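Values below: every heavy atom of this structure, side chains too, minus hydrogens, waters and symmetry copies. A quick note: this is a predicted structure, and the numbers were derived from the prediction, not measured.
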2 protein chains.
Amino acid sequence: MAETAGLDRQICFSLYAASRAVTGLYRQALGELGLTYPQYLVLLVLWQRGEISVGDLGAALALDSGTLSPLLKRLEAHGLVDRSRGAADERTVLVRPTAAGLELRERATGLPDRLASAIGLAPAEFRQLQDLLDRVRAAATSHPL
Amino acid sequence: MAETAGLDRQICFSLYAASRAVTGLYRQALGELGLTYPQYLVLLVLWQRGEISVGDLGAALALDSGTLSPLLKRLEAHGLVDRSRGAADERTVLVRPTAAGLELRERATGLPDRLASAIGLAPAEFRQLQDLLDRVRAAATSHPL
DNA sequence: CGCGATTTGATTGTGCACAATCAAACGTGG
DNA sequence: CCACGTTTGATTGTGCACAATCAAATCGCG
């Protein structure tokens, strides 16, 4: 045989398709807030940590500066974040939410629960899925193949 | 309280991050073949189904023409696929692999197994993960939120 | 101090994703 | 036959992702 397996047997496609489907669900909800999904993830970090450097933000989200720099400029243009050079190290850029950026937090509070109920897994299944995904991610990022 | 949950508690981020991590693993392996990950998915379908219309391809991969049209042109420019208008219906475009496109299948045979072992889940866990992902995808695509 | 190596973020270029719009081809009722 | 609505793919525009490269700031070591 040695036939290449079809799409239906490839875990990678299930992962890829599920990720895009869930992002699409967020797209609808976030559209009301004027945010994209990666922008929402950045704000999640800022709401939790307050001021943070671009580097630490990239480490938290596993995104590099080529993705974050223009994204942060768009958030700044929309008045949701401030950016400034660090006082101690002039190379670092510190990002923090503005008042408008903090206000969005209230409007986004119900979002994770709405999404979770739309997906409709049992709580135990959610935990199981997250555990498996985190292990996959850890293996994929450490193993250079 | 009513605090927005952090990144670590959001299943959506685990899904998003795991998907990008696995895609990154494929990126290394596919680089030797001169393919991107979505291009590889298109070829998987073509290897299995032979000739197929752009519409059916989009349905199989859940991708629209705005993504597939330029992607297929790049594959055509690399000599891996042919494109032609359908005889019965001049609106449809039929895509099929060239000889070079079919040869790549041999070079890609070991790939899913190599990736699976790099990820390192037990077979039962793989099945479990795929089941959960497919259910998430089904719920996310049917529920309009 | 001074100079090479490192760190940090920005820039550039390619390639997805997806919404919105468009034009050509098809199909059907009158 | 023909006008109208539908289907099919292409095009356009915005916004991620990521590799590669760059410049400025900092650090380390002699």
Which is it for A:Leu15 and B:Thr23 under the side-chain contact (heavy atoms from CB on, under 4.5 Å) test, yes or no, and what are the steps along the way? CA-CA 10 Å; A:Leu15 188 52; B:Thr23 301; over 6 Å; no
Heavy-atom check, side chain of [X] versus side chain of [Y], under 4.5 Å:
X: A:Leu61; Y: B:Tyr16; answer: no
X: B:Leu57; Y: B:Leu72; answer: yes
X: A:Phe126; Y: A:Ile119; answer: yes
X: B:Arg137; Y: A:Phe13; answer: yes
X: A:His78; Y: A:Gln39; answer: no

Per-helix bend value, the helix from C:dC1-D:dG30 to C:dG30-D:dC1, C1' rotation axes over five pairs per end, 10° rounding, shows 0°
Below 4.0 angstrom, which residues in residues 58-69 of chain A have at least one non-hydrogen atom near DNA chain C? A:Ser65, A:Gly66, A:Ser69
Got a sec? Which of residues 15-32 of chain B come in under 4.0 Å of DNA chain D, heavy atoms? B:Tyr16, B:Arg20, B:Arg27
Just to be sure I understand the geometry, which residues of residues 78-91 of chain A put a non-hydrogen atom under 4.0 Å away from DNA chain D? A:Ala88, A:Asp89, A:Glu90, A:Arg91
Outer limits of DNA chain C sitting under 4.0 Å from a non-hydrogen atom of chain B, read 5' to 3', are C:dG15 to C:dC26
Could you go through the side-chain contact (heavy atoms from CB on, under 4.5 Å) check for B:Asp134 and B:Gln130 one step at a time? CA-CA 6 Å; B:Asp134 289 345; B:Gln130 180 154 23; 3.5 Å; yes
Evaluate side-chain contact (heavy atoms from CB on, under 4.5 Å) for A:Leu35 paired with A:Leu75, printing each intermediate quantity in order. CA-CA 9 Å; A:Leu35 293 176; A:Leu75 285 180; 4.2 Å; yes
For A:Pro112 against A:Ala108, the heavy-atom pair lying closest together: CD-O, 3.7 Å
So, for B:Leu71 and B:Val42, which heavy atoms are closest and what is the spacing to 0.1 Å? CD2-CG2, 3.8 Å
Run the salt bridge (Lys or Arg N to Asp or Glu O under 4.0 Å) test against A:Arg127 and tell me which residues pass, sequence neighbours left out. none
Can you tell me how far CG of A:Leu46 sits from CG of A:Leu104, rounded to the nearest 0.5 angstrom? 11.5 Å
Measure the spacing between CG of B:Leu94 and CZ of B:Arg85 and express it to the nearest 0.5 Å. 9.5 Å
N/O donor-acceptor pair under 3.5 Å between A:Ser65 side chain and A:Leu68 backbone: no
Pick the closest DNA chain D nucleotide for A:Arg74 and for B:Asp56 by heavy atoms, then say which residue is nearer the 5' end. B:Asp56
Counting only heavy atoms from other residues, nucleotides and ligands, does the tally under 6.0 Å from CZ of A:Arg49 exceed 12? no
